[in-house]
Amino acid sequence: MKLFQRRKTTVHQVTDAQPSLTADIRRREISYVIKMSIRVVCLILAVAWPGAPLWLRGLFIAGAVLLPYLAVIGANERGRDLPPLQDMDGANQNEIPRHRREIGS
């Protein structure tokens, strides 16, 4: 039996830090605006370019239809490296608290 064992210490580095919530929200806002701007351009080109080939016009229409969905999904996505959200106290959120007077406890 070893009397003195060395514990492995975890060394944290500044480069391991997660981006702040503000930076993550800002990144998602910029991504959303870029995707919706591309959508507006696709919509304008689909309508305003009468001489466009049919396949190209179909591509513009598909971009105008699909990009809002992709933009919203991307805007709601938290950072890939962020840990999952944790419950405040771990209690079941669907439970009715027993200490509330209006419930008859």
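Computed from heavy atoms alone, side chains included, the values below leave out hydrogens, waters and symmetry copies.
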Pairs of donor and acceptor atoms involving the side chains of residues 56-73, under 3.5 Å and at least two apart or interchain, shall be tabulated with distances.
residue : atom : partner : partner atom : Å
Arg57   : NE   : Ala46   : O            : 3.4
Arg57   : NH2  : Trp49   : O            : 2.6
Arg57   : NH2  : Pro50   : O            : 3.4

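Under the side-chain contact (heavy atoms from CB on, under 4.5 Å) criterion, Ser20 pairs with Thr22, Ala23, not counting sequence neighbours.
Through direct or indirect side-chain contacts shorter than 4.5 Å among Ile, Leu, Val, Met, Phe, Trp and Tyr, Val47 is connected to no other residue. The other residues sharing a hydrophobic cluster with Ile44 are Val40, where clustering joins ILVMFWY side chains under 4.5 Å apart.
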Practice item. Take Val33 and Glu29 through the side-chain contact (heavy atoms from CB on, under 4.5 Å) test and state the conclusion after the steps. Key: CA-CA 6 Å; Val33 169; Glu29 287 174 343; 5.5 Å; no

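Screening Arg27, Arg28, Lys35 for a side-chain contact (heavy atoms from CB on, under 4.5 Å) involving Ser31 leaves a single residue, Lys35.
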